[in-house]
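For reference, the structure discussed in these notes is given below.
Everything numeric here is computed off the predicted structure, so don't read it as measured data. Chain identifiers are assigned alphabetically (A, B, ...) following the order of the sequence lines, protein sequences preceding nucleic acid strands; residue numbering begins at 1 within each chain. Heavy atoms only: backbone and side chains are in, while hydrogens, waters and symmetry mates are out.
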There are 2 protein chains.
Amino acid sequence: MEPTIKDVAKRARVSISTVSRVLSGNGRVTEETRQRVLRAVESLNYQPNLLAQSLKKRRSHTLGLVVQNIANPFFPDIVRGVEEKAQEYGYDVFLCDNRKDFQRGLAHLDVLQKRGVDGIIYSSMGRLIEPILAFKIMQLSEAGIPVVLLWRQPPGINIPMVYNDEKGGAYKATTHLISLGHRRIAFIGGFQDSLVTKERFEGYCLALEKNGLSFDQSLVTYSDFEVNGGREAARHLLTRDLPPTAIFTANDLMAIGVLMAAKQLNKKVPEDLAVVGFDGIPFTEYTDPPLTTVCVPRYEMGLIAVEKLLEQMGEKEDSSSDSIMLESHLVIRGSCGAVEGKVISGALS
Amino acid sequence: MEPTIKDVAKRARVSISTVSRVLSGNGRVTEETRQRVLRAVESLNYQPNLLAQSLKKRRSHTLGLVVQNIANPFFPDIVRGVEEKAQEYGYDVFLCDNRKDFQRGLAHLDVLQKRGVDGIIYSSMGRLIEPILAFKIMQLSEAGIPVVLLWRQPPGINIPMVYNDEKGGAYKATTHLISLGHRRIAFIGGFQDSLVTKERFEGYCLALEKNGLSFDQSLVTYSDFEVNGGREAARHLLTRDLPPTAIFTANDLMAIGVLMAAKQLNKKVPEDLAVVGFDGIPFTEYTDPPLTTVCVPRYEMGLIAVEKLLEQMGEKEDSSSDSIMLESHLVIRGSCGAVEGKVISGALS
DNA sequence: CTGAAAGCGCTTACAG
DNA sequence: CTGAAAGCGCTTACAG
């Protein structure tokens with residue numbers, strides 16, 4: 001049986017009000033009784049019950065974090081950032097894994113509300129924000145529970161969001177390839193209806209345009225954001241007449257597939273083919289050759305998402321507007337033939 | 001302002017006791033009043049406050065999950081397993097990331113206790129279990145909070161544990177290499193004082209012995225469980241006189257380093273060198289060549305850890321003894337030259 | 001079948 | 001400075 005505030009009070013021979021006061025630091029208490037209480041706490045190994053505290057104070061000091069799929073290498077760094085910043089401010093976090101199932105995400109939101117979390121970070125990195133999700137989030141806001149979205153797209157709805165500069169990143173990647181002399185640069189997108197794909201495609205087009213290269217529709221293809229899909233797409237591109245000399249893919253997993261396809265077709269990377277990925281997932285460092293990629297600052301996104309939440313909860317003063325766009329950096333490794341270890345972070349300008 | 005049970009009672013014109021009864025399903029209620037209550041719940045969009053419920057019932061239906069480092073690819077699958085099974089039984093989980101810091105793990109345990117979790121899964125995969133951790137866990141048990149350890153070593157203490165058959169896995173890996181004709185098989189361990197290293201080494205020795213191969217101390221070396229460490233270790237082994245024709249490493253990250261070293265030294269894998277890793281982290285599928293590895297069933301470990309916890313909490317009937325050892329499978333891919341796709345799961349016998 | 005009351009472990013005005 | 005009381009939102013005997 002865990003000791004309660006009553007036990008401490010009895011032992012220190014004071015009222016529970018007094019115990020509460022010394023523990024919270026609110027209200028005056030004689031140094032002597034303070035010591036008595038502290039000794040009692042110590043000897044009983046008393047730990048206040050946060051459930052009771054939360055109920056009374058109407059603040060649980062907990063956060064909810066909903067992720068689309070914890071098994072996807074995109075997410076662990078986000079979790080890490082959220083965890084770390086949350087703890088810094090004394091919050092603990094409920095992790096909810098949608099397991100790729102959007103419906104489950106909705107259910108998680110309900111649960112978190114019932115659990116009395118003080119705020120929620122919803123990280124899907126998905127395609128469009130479904131109206132029902134937006135509605136649910138509005139409902140939560142009305143109930144006093146702020147939500148911050150960790151998304152891959154600019155805000156189209158009125159919910160604070162931390163997102164990534166997809167277009168700018170794609171622009172950097174493509175420009176890099178052009179600067180290395182490539183003229184036939186292919187683009188492998190993910191799902192064609194995904195906003196991520198769309199924006200990364202736009203960055204690709206912009207780079208071509210700014211550099212006076214003509215756009216060639218036959219060099220553009222779409223896949224599924226997975227390794228095998230990327231491999232198939234690359235195989236098609238590389239076996240056609242006049243194959244591309246470089247491929248920019250809309251995510252790293254597909255880029256890994258491209259590397260595999262090149263190997264199977266006896267194309268050397270980077271000599272015969274340059275490859276750039278997108279996301280900067282941990283493993284890209286160890287592919288053969290190491291993959292040049294546009295690194296999405298996932299860890300930082302996690303940190304910032306918590307800060308935005310704290311601002312809304314009034315725990316931290318407002319330092320900025322509602323949504324934040326983060327820059328992604330081009331990390332240059334061996335897959336393009338450029339000098340390794342260089343990081344290009346200049347803005348799209 | 002969220003509606004409370006009072007609001008529902010008022011609206012349905014019954015007492016809060018009645019509302020509680022229809023919601024919990026305990027106690028008889030007329031069908032008519034039941035409907036009235038349900039309608040009130042509906043129209044107010046009432047969600048019971050789980051904080052209050054937990055306080056009263058002395059059960060929070062929450063679990064704590066402590067992991068050593070969420071950024072390590074070893075952990076996400078564990079989290080996934082824990083999450084999934086927990087939700088199946090209606091539990092939500094607090095995720096605590098130690099960020100490699102053991103002290104933080106201890107602090108997390110305190111926090112979880114204060115939060116009133118019904119049980120805790122502590123997953124470190126670390127070296128020895130420090131006495132202070134064992135002590136803390138005992139303390140929690142006495143306070144009525146069961147703990148299950150997700151560990152890489154057999155139980156040396158009296159705490160329920162889910163662990164992996166390290167020795168058996170290493171035995172399978174080494175036997176596989178021997179069966180392919182290798183005679184000079186090197187072993188690269190992790191930290192020399194880690195139990196994981198020790199047990200995997202034992203499995204390696206056992207396989208040599210059973211197959212009548214003599215043990216060669218000069219083929220055994222230790223590193224740090226990291227990619228670069230593995231690469232360095234391999235470089236030494238491969239540049240000596242009479243280099244090994246196969247290397248078995250104590251984890252996948254080091255095996256990836258071995259692959260890199262071989263490439264740098266112009267050794268072909270698997271023709272000039274066979275490589276086997278351990279853990280089965282997701283990325284091993286995409287190395288060049290794909291890595292043969294002993295796959296630790298991390299996802300299953302997560303599932304089972306929750307089940308063990310549930311048993312202790314009396315939510316699930318006891319189905320087994322206190323600790324559980326899981327088998328690891330040898331997943332055969334391209335790095336040894338054997339037929340790909342084969343899985344050897346036969347026990348050490 | 002239904003309601004009033006007590007109580008889970010806290011915090012916080014309100015008196016003294 | 002300190003204590004008694006009310007109350008956070010629930011559940012659960014106890015009466016009726």
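- Heavy atoms of A:S24 sit nowhere under 4.0 angstrom from any nucleic acid atom.
- With sequence neighbours left out, B:Q113 forms a side chain to side chain donor-acceptor pair (under 3.5 Å) with A:E2, A:Q47.
- To the nearest 0.5 angstrom, B:N98 atom CG is 9.0 Å from B:L109 atom CG.
- Separating the CD atom of B:Q113 from the C1' atom of C:dG9 is a distance of 15 Å, rounded to the nearest angstrom.
- Per the geometry, NE2 belonging to B:H61 stands 16 Å off P belonging to D:dC10, to the nearest Å.
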Without placing hydrogens or testing angles, list every side-chain donor-acceptor pair under 3.5 Å for residues 69-82 of chain B, not counting sequence neighbours.
unit_1: B:N69; atom_1: OD1; unit_2: B:A71; atom_2: N; d: 3.1
unit_1: B:N72; atom_1: OD1; unit_2: B:F74; atom_2: N; d: 2.8
unit_1: B:D77; atom_1: OD1; unit_2: B:R80; atom_2: NE; d: 3.2
unit_1: B:D77; atom_1: OD1; unit_2: B:R80; atom_2: NH2; d: 3.4
unit_1: B:D77; atom_1: OD2; unit_2: B:R298; atom_2: NH2; d: 3.1

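- Note that CG of B:L63 and CZ of B:R115 are 15.0 Å apart. Values are rounded to the nearest 0.5 Å.
- Distance CD (A:Q47) to C1' (C:dG9): 14 Å, rounded to an integer number of Å.
- Partners of B:T62 according to the side chain to side chain donor-acceptor pair (under 3.5 Å) rule, which considers only residues two or more places apart in sequence or in another chain, are B:S60.
- In summary, B:E42 and B:R39 do not engage in a salt bridge, as defined by a charged side-chain N under 4.0 Å from a carboxylate O.
- A sub-4.0 Å separation between OP1 or OP2 of D:dT11 and a side-chain N or O of B:N26 is absent.
- We find that CD1 of A:I5 is positioned 15 Å from C1' of D:dA5, with the value rounded to whole Å.
- For B:F94, the ring pair (Phe, Tyr, Trp, His ring centres under 6.0 Å) partners at least two apart in sequence or on another chain are A:F94.
- Rounded to an integer number of Å, the gap from CG of A:L23 to C1' of C:dG9 is 13 Å.
- In this structure, A:E32 places its CD atom 13 Å from C1' of D:dT2, rounding to the nearest Å.
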Which donor-acceptor pairs under 3.5 Å do the side chains of residues 135-147 of chain A make with protein atoms, sequence neighbours left out?
unit_1: A:K136; atom_1: NZ; unit_2: A:D110; atom_2: OD1; d: 2.7
unit_1: A:S141; atom_1: OG; unit_2: A:I137; atom_2: O; d: 3.2

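- For B:S54, there are no side chain to side chain donor-acceptor pair (under 3.5 Å) partners two or more places apart in sequence or in a different chain.
- Closest to the side chain of B:T30, out of D:dC10, C:dT12, C:dT2, is C:dT2.
- Legend: residues meeting side chain to side chain donor-acceptor pair (under 3.5 Å) with A:E32, ordered by chain and number and at least two apart, are A:R36.
- For the OP1/OP2 pair of C:dC8 and a distance below 4.0 Å, the side-chain nitrogens and oxygens of A:N49 include no atom meeting the criterion.
- In this view, A:I16 and A:I5, A:K6, A:A9 satisfy the side-chain contact (heavy atoms from CB on, under 4.5 Å) rule, not counting sequence neighbours.
- Looking at residues 11-22 of chain A, you'll see A:V14, A:S15, A:S17, A:T18, A:R21 sit with a heavy atom under 4.0 Å from some atom of DNA chain D.
- Residues meeting the side-chain contact (heavy atoms from CB on, under 4.5 Å) test with B:R13, sequence neighbours left out: none.
- When base pairs are accepted only as Watson-Crick or G-U wobble with both N-N or N-O distances under 3.5 Å, DNA chain C takes part in stems of 3 or more pairs at C:1-3 with D:14-16, C:5-12 with D:5-12, C:14-16 with D:1-3.
- Atom NZ of B:K10 and atom C1' of D:dG9 are 14 Å apart (whole Å).
- DNA chain C lies under 4.0 Å from at least one heavy atom of each of the following residues of residues 50-58 of chain B: B:L55, B:K56, B:R58.
- Note: CG (B:L44) to P (D:dG9) measures 14 Å, nearest angstrom.
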